[in-house]
Amino acid sequence: MPFNTIWEEDGIKWEFYGHVTSEEIEEANGLFFKDPRSETAKYQIVHTLQTESVEWKPVEIVDITFLDVAASQSGLQLKIAYIADKEKIRKKIEKYIEMSRHLNTNWQFKGFKNEEKARKWLNSQ
């Protein structure tokens, strides 16, 4: 399992590392929604600076997008900060964001190259 899950007072942080597969992304997402803390979470941090590659097939991006958009439309308000410095990884995350926006998510997304700037954005109104 190449990710660590860290629950914080107002949200969750995932630290992905090594080679990450679609199944592991789905596992992380599932763990979030199965935990009652997800109901009051205000943010997610997706930290990928230690990630070498992501195997996230387009059909699996669509699956997660539909689940997340449904959660957003049921009232869950989240800010998603992703931290990525590799172009290939950023492009996969941005594909997910593009699909989410196309399906009218109410979640906010923003990419960063370091955690300090991500947290500053998460704490802003």
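Minimum heavy-atom separation, Phe32 to Ser38: O-CB, 3.0 Å. Across Ala41 and Leu76, no two heavy atoms sit closer than the pair O-CD1, 4.0 Å. Scanning both residues, Ala118 and Ala81, for their nearest heavy atoms gives CB-CB, 3.9 Å. Scanning both residues, Thr105 and Ser72, for their nearest heavy atoms gives OG1-OG, 3.2 Å. Contact record, Ala71 with Ser74: O-OG, 2.8 Å, taken as the closest heavy-atom pair.
At a threshold of 4.5 Å between non-hydrogen side-chain atoms, the residues Thr65 and Leu103 count as touching. The shortest side-chain heavy-atom distance between Glu115 and Lys13 falls under the 4.5 Å cut-off. Side chains of Ile83 and Leu49 form a contact here, defined as non-hydrogen atoms less than 4.5 Å apart.
For Thr48 (side chain) and Thr51 (main-chain N/O), no donor-acceptor pair under 3.5 Å exists by modelled atom type. Side-chain atoms of Asp35 do not come within 3.5 Å of backbone N or O of Leu31 as any donor-acceptor pair.
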Audit row: Tyr43, Asp10, side-chain contact (heavy atoms from CB on, under 4.5 Å) steps and yes/no: CA-CA 7 Å; Tyr43 65 80; Asp10 290 324; 3.6 Å; yes

task: Could you go through the side-chain contact (heavy atoms from CB on, under 4.5 Å) check for Gln77 and Gln108 one step at a time?
output: CA-CA 8 Å; Gln77 300 282 326; Gln108 297 176 55; over 6 Å; no

- prompt: Can you check salt bridge (Lys or Arg N to Asp or Glu O under 4.0 Å) on Glu116 and Lys120, steps first, answer last?
  reply: CA-CA 6 Å; Glu116 181 182 337; Lys120 187 174 183 178; over 6 Å; no

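When the salt bridge (charged side-chain N to carboxylate O under 4.0 Å, His left out) test is applied to Lys113, no partner is found at least two apart in sequence or on another chain. Remark: Lys117 pairs with Phe112, Asn114 by the side-chain contact (heavy atoms from CB on, under 4.5 Å) rule, at least two apart or across chains. For Gln50, the side-chain contact (heavy atoms from CB on, under 4.5 Å) partners are Tyr17, not counting sequence neighbours. For Ser124, the side-chain contact (heavy atoms from CB on, under 4.5 Å) test picks out Lys79, Trp121, with sequence neighbours left out.
We find the CG-CG distance between Asn106 and Leu78 to be 8.5 Å, quoted to the nearest 0.5 Å. How far NZ of Lys110 is from CG of Leu122: 10.5 Å, rounded to the nearest 0.5 Å. Taken from OG1 in Thr21 to CD in Glu26, the straight-line distance is 8.5 Å, to the nearest 0.5 Å.
The environment of CD in Glu9 is sparse: at most 12 heavy-atom neighbours from other residues, nucleotides or ligands sit within 6.0 Å. By the neighbour-count criterion of 12 heavy atoms within 6.0 Å, atom CZ of Phe33 is densely surrounded, having more than that number from other residues, nucleotides or ligands. Within 6.0 Å of atom NZ in Lys86, more than 12 heavy atoms from other residues, nucleotides or ligands are found, so the atom counts as buried in its surroundings.
Under a hydrophobic-cluster definition in which Ile, Leu, Val, Met, Phe, Trp and Tyr are linked whenever side-chain heavy atoms come within less than 4.5 Å, directly or via other members, Phe16 and Ile89 are assigned to the same cluster. A continuous path of ILVMFWY side-chain contacts below 4.5 Å connects Val20 to Ile93, so both sit in one hydrophobic cluster. Both Trp107 and Val46 are assigned to one and the same hydrophobic cluster, defined by single-linkage of ILVMFWY side chains at heavy-atom distances under 4.5 Å. Taken together through direct or relayed side-chain contacts under 4.5 Å among Ile, Leu, Val, Met, Phe, Trp and Tyr, Ile25 and Ile80 form part of one hydrophobic cluster.
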For residues 94-101, which side-chain N or O atoms pair as donor and acceptor with protein atoms under 3.5 Å away, sequence neighbours left out?
residue, atom, partner, partner atom, Å
Glu94, OE2, Tyr82, OH, 2.9
Tyr96, OH, Asp68, OD2, 2.6
Ser100, OG, Tyr96, O, 3.0

Show every donor-acceptor pair shorter than 3.5 Å between a side-chain atom in residues 53-64 and any protein atom, with sequence neighbours excluded, or say none if there are none.
residue, atom, partner, partner atom, Å
Ser53, OG, His19, ND1, 2.4
Glu60, OE1, Ser22, OG, 2.7

